[in-house]
Amino acid sequence: MQPTPATDHALHKLLPIDDDEKILCVYKHHWFAYVTSWVVGIMIAILILGVAIALVMYGSNDSSIANYKGQILAGAIALAIVVVAGSLVPVYLRAQEQVVLTEEALLQVLQPSLFANKIDQLGLQHISDVSVTQDFFGSIFGYGTVHVETPGEQDNFDFLVVPDPHQMARQISQAHENYNAALMGGRMPTTLGNGGWQGKNTQNMQIDPEQYQQFLQFQQMMAEQQKQSGKDQ
């Protein structure tokens, strides 16, 4: 998706990009990446409660258990709440992760822990191929993994559980092609997919006609001298 002005401003402060470098698209994880964390937490909580209930019901003949039924259930409920609340941590970390496509680079913002983040940057000129893989659930729910391959010994990029991965791959490929075309033409692209170009640090080369004529005359004089030298020999 294209960033809002507020998001654009925040990303320019966060990422190692120039102030005038345009952000083309921002990609977040698919909702399925968050649901899986919730499901695991809820299943563990249900398991804890089930064990506690079974222990209280079938261990009632044991006096040591019968005397602590309330404490066992209260402890199980408290532990289940802690587990469900703890599942919010990976959800939060995932929500902070994003992939940012600019007119010059591809950046991946990772959140490995609550107090640390990591930013990987890849120049568009270093992209050699972009591909997409989807598993069974990815095909059903519309998410997948985008693989960005780089030449040589550079690390490849893998963007996991992203929505509409084929569209993301097309946009990255188009930005890569636009960047290469801009380098060859001496200009930089600032738009994606709208067919337009806006100059960035663009300087048009202008040739003085008089100087060009003098250059042609000089070339002709040198050619005649070489020809005359060949005849003298």
Side-chain angles (χ1 to χ4, degrees), residues 1-17 23-50 79-103 105-124 126-150 154-176 192-193:
M1 65 175 183
Q2 292 186 342
T4 62
T7 302
D8 186 278
H9 178 72
L11 289 175
H12 271 91
K13 294 181 64 177
L14 172 67
L15 301 176
I17 58 178
I23 296 176
L24 304 175
C25 293
V26 178
Y27 309 96
K28 291 274 194 175
H29 286 297
H30 189 271
W31 59 263
F32 192 84
Y34 311 118
V35 169
T36 51
S37 297
W38 272 96
V39 170
V40 171
I42 291 173
M43 289 181 64
I44 294 175
I46 293 174
L47 179 62
I48 293 172
L49 292 176
L79 183 58
I81 293 174
V82 170
V83 170
V84 173
S87 66
L88 290 175
V89 175
V91 171
Y92 171 78
L93 296 179
R94 286 264 183 168
Q96 304 311 304
E97 296 181 345
Q98 55 192 328
V99 176
V100 180
L101 175 63
T102 75
E103 57 187 354
L106 191 63
L107 303 100
Q108 184 179 31
V109 181
L110 302 175
Q111 191 78 26
S113 68
L114 289 172
F115 307 104
N117 63 359
K118 178 184 177 183
I119 299 176
D120 295 327
Q121 184 174 7
L122 176 66
L124 294 181
H126 299 305
I127 295 176
S128 61
D129 187 43
V130 183
S131 59
V132 173
T133 58
Q134 289 181 287
D135 56 17
F136 175 75
F137 290 104
S139 300
I140 294 177
F141 295 110
Y143 70 86
T145 299
V146 176
H147 308 277
V148 179
E149 298 182 10
T150 59
Q154 291 183 313
D155 294 335
N156 296 333
F157 274 35
D158 289 328
F159 307 129
L160 308 177
V161 197
V162 292
D164 201 352
H166 294 286
Q167 180 182 3
M168 177 178 175
R170 286 193 300 269
Q171 290 175 335
I172 294 174
S173 297
Q174 184 176 356
H176 167 64
L192 177 66

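One is the number of the first residue; the rest follow in order along the sequence.
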| task | Output all residues satisfying side-chain contact (heavy atoms from CB on, under 4.5 Å) with H29, sequence neighbours left out; order by chain, then residue number. | result |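 With sequence neighbours excluded, H29 shows a side-chain contact (heavy atoms from CB on, under 4.5 Å) to A33, Y34, R94, E97, V161, given in chain and number order.
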For a quick test of reading the model, state the closest non-hydrogen atom pair linking [X] to [Y] and the distance between them.
X: Q171; Y: L101; answer: O-CD2, 3.8 Å
X: Q134; Y: Y143; answer: NE2-O, 2.9 Å
X: A175; Y: L24; answer: CB-CD1, 4.2 Å

| said: Nearest 0.5 Å, please: how far is SG in C25 from CD in Q167? | reply: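 Q167 atom CD to C25 atom SG measures 7.5 Å (nearest 0.5 Å).
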| request: Drop me the distance from L15's CG to Q98's CD, to the nearest 0.5 angstrom. | output: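 Here the rounded value is 7.0 Å.
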Looking at [options], which hits side-chain contact (heavy atoms from CB on, under 4.5 Å) with [X]?
X: L122; options: I127, N156, L107; result: I127
X: F157; options: V148, V99, V146; result: V148
X: I44; options: I42, I46, V40; result: V40

Expected output: side-chain [X] to main-chain [Y] donor-acceptor under 3.5 Å:
X: S128; Y: E149; answer: yes
X: H176; Y: V130; answer: no
X: H12; Y: D8; answer: yes
X: Q121; Y: L106; answer: no

| said: Less than 4.5 Å apart, side chain to side chain, heavy atoms only: is that true for V100 and I17? | reply: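 A side-chain contact under 4.5 Å is absent here.
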